[in-house]
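Starting off with a structure, shown below.
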Amino acid sequence: MLPKPPAALRSGDEPVRRLSRDVLPLDATELARFLVGATLVHDVDGARLSGRIVETEAYLVGDAASHAFRGRTARNGAMFLERGHAYVYISYGCWPMLNVSAGEAGVGTAVLLRALEPIDGIEAMRESRGAARILDIARGPGRLAGAMRVTLADDGADLCGDGPLWLGAPLGPPMTIATTTRIGITKDAERPLRFFERGNPFVSGPRRLID
DNA sequence: CGGCTGATGATCT
DNA sequence: GATCATCAGCCGG
């Protein structure tokens, strides 16, 4: 039982406010920074799963690492939705990945959610992920989606609407955001498009990328 | 803690 | 047929 969430992050105390679309930056880089510290909520089976987003990556227009680089396909269609929609795809045949679309409708760009600090439904998250340590419940994009019970069925969902999966206002004190290169890509790998809360133990990736 | 490896299947060429 | 926006497990220091 490692670090208990700070008081400001504890469940139930105050209702989390849904983010409206107009507060989301259009630009994926700005959106990626904006989402560090915001919350992700999934109301499912009468329970609430939620956490604080602590790590993101931006995928831009003209970015060779982006799934949208070669244009629109059946898989990446949700990347072209107006900002604030879910783009979910299956990575390495097994792992769902959750992105938040950025930009105007018709523009293929998004922000990958890479790590979450669990807040509500921690035991339910642990169950859906097998016996994982709290620190590992949502540390990494595949783990995050698994813990939050995000599946392909959520592809295209409006995260700024009335649905069960949504983005919430930031919780907790202001944080310092650090920037590095993105993880696990080979093309356009030098771009500084990964953002995370400095010092947060729920952030994924090798230590050399945690400054 | 850091480094390596096999699993695994959709997607696109 | 190649390429993955990864993960868990194992091994060594």
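Chain letters run A, B, ... following the sequence lines, proteins first, then strands; residues in each count from 1. No experiment lies behind these values; they were computed from the predicted model shown. Scope of the values below: all heavy atoms of this structure, side chains included, with no hydrogens, waters or symmetry mates.
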* Whole-Å gap separating C1' (C:dC7) and CG (A:Leu144) ->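 Computing the A:Leu144:CG to C:dC7:C1' distance gives 14 Å.
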
* What's the closest nucleotide to the A:Trp95 side chain, out of C:dA5, B:dT8, C:dT6? ->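 Within the option list, the nearest is C:dT6.
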
* Check the distance between B:dA10's C1' and A:Leu152's CG and give it to me in whole angstrom. => 9 Å

* Check ion pair A:Arg129-A:Asp136 (N to O, under 4.0 angstrom) ->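 No, this pair does not count.
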
* To do: Examine A:Tyr89 together with A:His67 and report whether their ring centres are nearer than 6.0 Å.
  => yes

* Under 4.0 Å between a Lys/Arg side-chain N and an Asp/Glu carboxylate O for A:Arg83 and A:Asp158? -> no

* Between A:Arg129 and A:Tyr89, which is nearer to the 5' end of DNA chain C once each is assigned its nearest nucleotide? -> A:Tyr89

* Asked: Could you state the CZ-P distance from A:Phe69 to B:dC12, rounded to the nearest angstrom?
  -> 15 Å

* Sugar-phosphate only, base, or nothing, as touched by A:Ile90 at under 4.0 Å among non-hydrogen atoms -> nothing

* Nearest-Å distance for atom pair CD1/P, residues A:Ile185 and C:dT3 -> 16 Å

* To do: Give the nucleotide from the list C:dA5, C:dT6, C:dC4 with an atom nearest to the side chain of A:Thr186.
  =>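 Per side-chain heavy atoms of A:Thr186, the pick is C:dC4.
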
* Asked: For C:dT6, does either OP1 or OP2 sit under 4.0 Å from a side-chain N or O belonging to A:Arg114?
  -> yes

* Shortest side-chain distance from A:Lys187, nucleotide among C:dC4, B:dT13, C:dC7 ->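 The answer is C:dC4.
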
* Check whether NZ of the Lys or CZ of the Arg A:Arg194 lies under 6.0 Å from the centre of the six-membered ring of A:Phe196 and within 45 degrees of that ring's axis. => yes

* Decide yes or no on salt bridge (charged side-chain N to carboxylate O under 4.0 Å, His left out) for A:Asp45 and A:Arg149, but give the supporting numbers first. => CA-CA 11 Å; A:Asp45 292 339; A:Arg149 302 205 192 165; 3.6 Å; yes

* **Selection from C:dC7, B:dT13, C:dT6 that lies nearest to any side-chain heavy atom of A:Arg143** =>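 So the side chain of A:Arg143 is nearest to C:dC7.
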
* Asked: In the structure shown, which nucleotide is the Watson-Crick or G-U wobble counterpart of C:dG1, with both distances under 3.5 Å?
  ->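 Pairing partner, where one exists within any strand: B:dC12.
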
* Could you state the atom-to-atom distance from CD of A:Glu55 to C1' of C:dT6 in whole Å? =>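 Distance, rounded to whole Å: 13 Å.
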
* To do: Give a yes/no answer on whether the side chain of A:His67 brings an N or O atom under 4.0 Å of OP1 or OP2 in B:dT11.
  =>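 Looking at the OP1 and OP2 atoms of B:dT11, neither is under 4.0 Å from any side-chain N or O of A:His67.
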
* Nearest whole angstrom, please: distance from the P of C:dT3 to the CZ of A:Arg70. => 12 Å

* Asked: Nearest of C:dC7, B:dT13, C:dC4 to any side-chain atom of A:Tyr92?
  ->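 Out of C:dC7, B:dT13, C:dC4, the nucleotide with an atom closest to A:Tyr92's side chain is C:dC4.
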
* **Between P of C:dC7 and CD1 of A:Ile137, the distance in whole Å** =>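 Computing the A:Ile137:CD1 to C:dC7:P distance gives 14 Å.
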
* Atom CG of A:Asn76 and atom P of B:dT13: how far apart are they, to the nearest Å? ->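 Roughly 11 Å, once rounded to whole Å.
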
* Asked: Out of B:dC12, C:dT6, B:dT8, which has the shortest distance to the side chain of A:Thr73?
  -> B:dC12

* Sugar-phosphate only, base, or nothing, as touched by A:Arg75 at under 4.0 Å among non-hydrogen atoms ->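 If one applies the 4.0 Å heavy-atom cut-off, A:Arg75 turns out to touch the sugar-phosphate alone, with no base involved.
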
